[in-house]
Amino acid sequence: MQLGSCFLDSLTVTSFFGNAEMRAVFNDRQLMQSWLDVEAALARGQASLGIIPRAAAEAITAAARLEKLDTAALVADAEDTVHPLVPLVRALTAACPGDAGRYVHLGATTQDVMDTGFVLRARAGLDVVGRQLDELVRLLRRLALRHRSTPMPARTHGQQALPTTFGLRCAVWQSELQRHRDRLRELRARLLVTSMGGAAGTMAGYGPQAFALERAVADDLGLAVADTPWHATSDRFAECLMVLGMVASSGEKLAREVYFLGRTEVGEAYEPQRTTQVGSSTMPHKRNPIRCEAVIAAAGTLRAQVPLALQTMVAQDDRDMGVGMTLWKLLPECFILIGGVLERLVEVFGDLGVNPDRMRANLDITGGLVLSEAVMLRLAGALGREEAHHLVMRVVRDSLEQDRPFADVLRGDPQVAAALPGEDVAGLLDPLSYVGHAAALVDRALLTSESP
């Protein structure tokens with residue numbers, strides 16, 4: 001079985017997508033071990049209720065280790081049976097001494113074991129994502145504090161708008177990631193439940209103590225009990241993958257910001273480069289943002305899986321393995337992709353190159369036009385907002401068409417001169433005088449958000 005391996009395990013792609021920790025969570029061996037963990041927990045729960053002998057449960061638990069099973073035989077049996085779990089159940093049964101094997105998988109159905117196993121893997125994956133998000137938030141908070149008052153151009157519609165600070169940019173980014181941390185915490189309560197519906201969702205195979213057994217297995221695995229069987233309801237997994245898609249989208253936004261800020265013509269921030277790193281095979285001067293590009297590619301790939309995750313909610317009858325098999329592929333790939341996205345971003349923002357001098361120089365490129373709002377609002381006190389807006393628009397147009405400094409045109413305009421003393425113009429056109437409450441907004445964002 002190659003569940004979730006797909007193209008993500010090839011040597012070339014490994015350098016850019018996924019990360020080792022998440023692959024270790026979702027490789028085939030760990031996935032099968034999670035199924036064995038469920039089988040062992042089921043046996044222990046049944047023994048605690050007197051359904052099977054305690055010695056049998058102990059033997060099943062001892063045997064339920066993948067390293068004790070013949071994996072080559074498992075693969076061969078899977079090809080013969082065309083079934084994902086039966087070979088593992090057979091191997092576990094054969095590995096149990098005496099008659100303990102007769103109690104393996106008692107009352108359970110394949111999807112109970114597989115879905116609960118996937119929940120265990122998802123929990124481990126969410127733990128990794130949580131740690132990665134915590135680290136990324138920490139790095140962005142550090143940048144926000146360090147550059148709390150570092151001026152740079154704010155850009156709207158792809159053009160310079162007003163002065164802002166790089167610290168505020170970082171504070172906004174970390175706030176968005178904080179909300180994702182909240183979403184991931186909230187969905188855990190809905191996702192981390194056992195699947196114990198039995199063959200058709202009635203729990204009939206578990207006998208008269210089915211509810212007590214369900215509770216015992218859930219407690220053993222550190223999971224909660226679902227209120228109803230969920231063989232045909234995949235909303236829990238769909239929600240999880242949707243939130244991962246949102247995290248990936250935020251990650252892509254951060255990567256694109258660094259990609260843009262690192263352009264030769266902008267040069268305000270850039271992806272860190274190792275001394276051994278090669279930007280181009282032919283152009284030695286290139287410092288390509290390869291990590292950001294990998295994030296963009298991986299995030300787009302993950303986000304494209306979200307509609308498919310929603311499609312798994314459209315299950316038929318009381319069980320639909322067409323849906324279940326889709327999740328076998330989606331869960332590992334999406335977790336592996338988000339693990340890579342976050343790892344690359346931690347690398348980028350852990351040593352992000354920031355150029356405050358270039359930020360300030362770019363603010364001066366417009367010759368003061370970036371402060372047109374400040375001028376307009378000052379004139380509004382004497383002329384009214386609407387008239388002041390028209391007046392400044394005309395002055396801006398004259399400055400651009402005549403290729404004259406904005407300050408000179410302002411001082412030379414009779415209507416402006418009548419309402420605005422010439423000595424005030426220089427102060428109004430100082431970018432540092434019009435960053436608004438950027439520093440205070442940074443402080444508020446960091447004080448009201450959760451520190452990792």
Side-chain angles (χ1 to χ4, degrees), residues 143-176 253 257 260-261 263-269 354-448:
L143 284 168
L145 285 171
R146 182 179 299 166
H147 295 284
R148 175 177 176 271
S149 301
T150 301
M152 70 174 294
R155 296 175 172 92
T156 62
H157 301 275
Q159 304 172 54
Q160 287 198 21
L162 296 173
T164 184
T165 72
F166 186 59
L168 181 55
R169 275 278 188 90
C170 295
V172 170
W173 296 339
Q174 71 87 37
S175 293
E176 183 171 340
K253 178 171 71 174
E257 289 278 359
F260 170 80
L261 294 176
R263 289 173 183 264
T264 306
E265 297 81 2
V266 180
E268 295 175 1
V354 180
N355 190 338
D357 292 338
R358 190 64 176 268
M359 290 177 175
R360 177 54 200 264
N362 286 341
L363 273 173
D364 295 333
I365 284 176
T366 67
L369 293 178
V370 74
L371 280 306
S372 66
E373 181 188 74
V375 175
M376 183 268 290
L377 291 176
R378 174 67 68 85
L379 291 171
L383 305 176
R385 197 211 67 85
E386 188 70 14
E387 184 177 349
H389 187 271
H390 286 306
L391 173 58
V392 175
M393 277 189 65
R394 176 174 58 76
V395 172
V396 168
R397 185 175 60 251
D398 290 345
S399 172
L400 293 172
E401 291 178 353
Q402 299 169 19
D403 194 23
R404 294 173 57 204
F406 183 45
D408 291 351
V409 181
L410 279 172
R411 292 189 182 97
D413 187 278
Q415 193 175 0
V416 173
L420 180 64
E423 60 270 19
D424 289 354
V425 171
L428 284 173
L429 298 187
D430 178 6
L432 296 180
S433 70
Y434 205 68
V435 293
H437 303 284
L441 285 167
V442 171
D443 296 341
R444 185 173 72 177
L446 300 192
L447 284 172
T448 57

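- Taken to the nearest 0.5 Å, the CG atom of Leu428 stands 4.5 Å off from the CZ atom of Arg378.
- Checking side-chain atoms of Ser433 against main-chain N and O of Gly427 turns up a donor-acceptor pair under 3.5 Å.
- Residue Leu168 comes nearest to Thr164 through the heavy atom pair CD2-OG1, 3.7 Å, listed as atom of the first residue, atom of the second, then distance.
- Side-chain contact between Arg411 and Val416 is absent, with no heavy atoms from C-beta onward closer than 4.5 Å.
- Arg385 places a side-chain heavy atom less than 4.5 Å from the side chain of Met376.
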Assess the residue pair Glu176 and Lys253 against the criterion (side chain to side chain contact (heavy atoms under 4.5 Å, CB included)); give the C-alpha distance rounded to whole Å, side-chain angles, the decisive distance to 0.1 Å, and a yes or no.
CA-CA 11 Å; Glu176 183 171 340; Lys253 178 171 71 174; 2.4 Å; yes

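- Across all non-hydrogen atoms, the minimal contact from Leu429 to Ala407 is CD1-CB, 3.6 Å.
- Shortest non-hydrogen contact noted between Val396 and Ser372 is CG2-CB, 4.4 Å.
- Considering only heavy atoms from C-beta on, Asp364 comes within 4.5 Å of Pro431 through its side chain.
- Taking all atoms of both residues into account, the shortest heavy-atom contact from Ala144 to Val442 is O-CG1, 3.7 Å.
- For the pair Pro151/Leu363, a side-chain contact is recorded, criterion being any heavy-atom separation below 4.5 Å from C-beta on.
- A side-chain donor-acceptor contact under 3.5 Å links Gln160 to the backbone of Asn362.
- A heavy-atom distance below 4.5 Å is not found between the side chains of Gln174 and Leu143.
- Here the side chain of Ser399 pairs a donor or acceptor atom with the backbone of Arg404 at under 3.5 angstrom.
- Residue Leu446 holds its CG atom at 10.5 Å from CG of Leu441, rounded to the nearest 0.5 Å.
- Note that the CG atom of Asn355 and the OG1 atom of Thr150 stand 11.0 Å from one another [nearest 0.5 Å].
- Two residues are said to be in side-chain contact when any heavy atoms from C-beta on lie closer than 4.5 Å; His437 and Arg444 fail this criterion.
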Are Val375 and Leu410 close enough, and set up right, to give a side chain to side chain contact (heavy atoms under 4.5 Å, CB included), and what steps lead you there?
CA-CA 9 Å; Val375 175; Leu410 279 172; 4.0 Å; yes

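- Smallest separation of non-hydrogen atoms from Leu391 and Leu383: CD2-CD1, 3.6 Å.
- Side-chain contact between Arg146 and Cys170: absent, with no pair of heavy atoms (C-beta onward) separated by less than 4.5 Å.
- The two atoms that bring Arg155 and Arg169 nearest to each other are N-NH2, 4.3 Å, heavy atoms only.
- Taking the side chain as every heavy atom from C-beta outward, Met359 and Leu261 never approach each other to under 4.5 Å.
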Apply side chain to side chain contact (heavy atoms under 4.5 Å, CB included) to residues Trp173 and Glu257 and explain how you reach the verdict.
CA-CA 10 Å; Trp173 296 339; Glu257 289 278 359; 3.7 Å; yes

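- Annotation: the span from Leu379 atom CG to Asp424 atom CG amounts to 10.0 Å, rounded to 0.5 Å.
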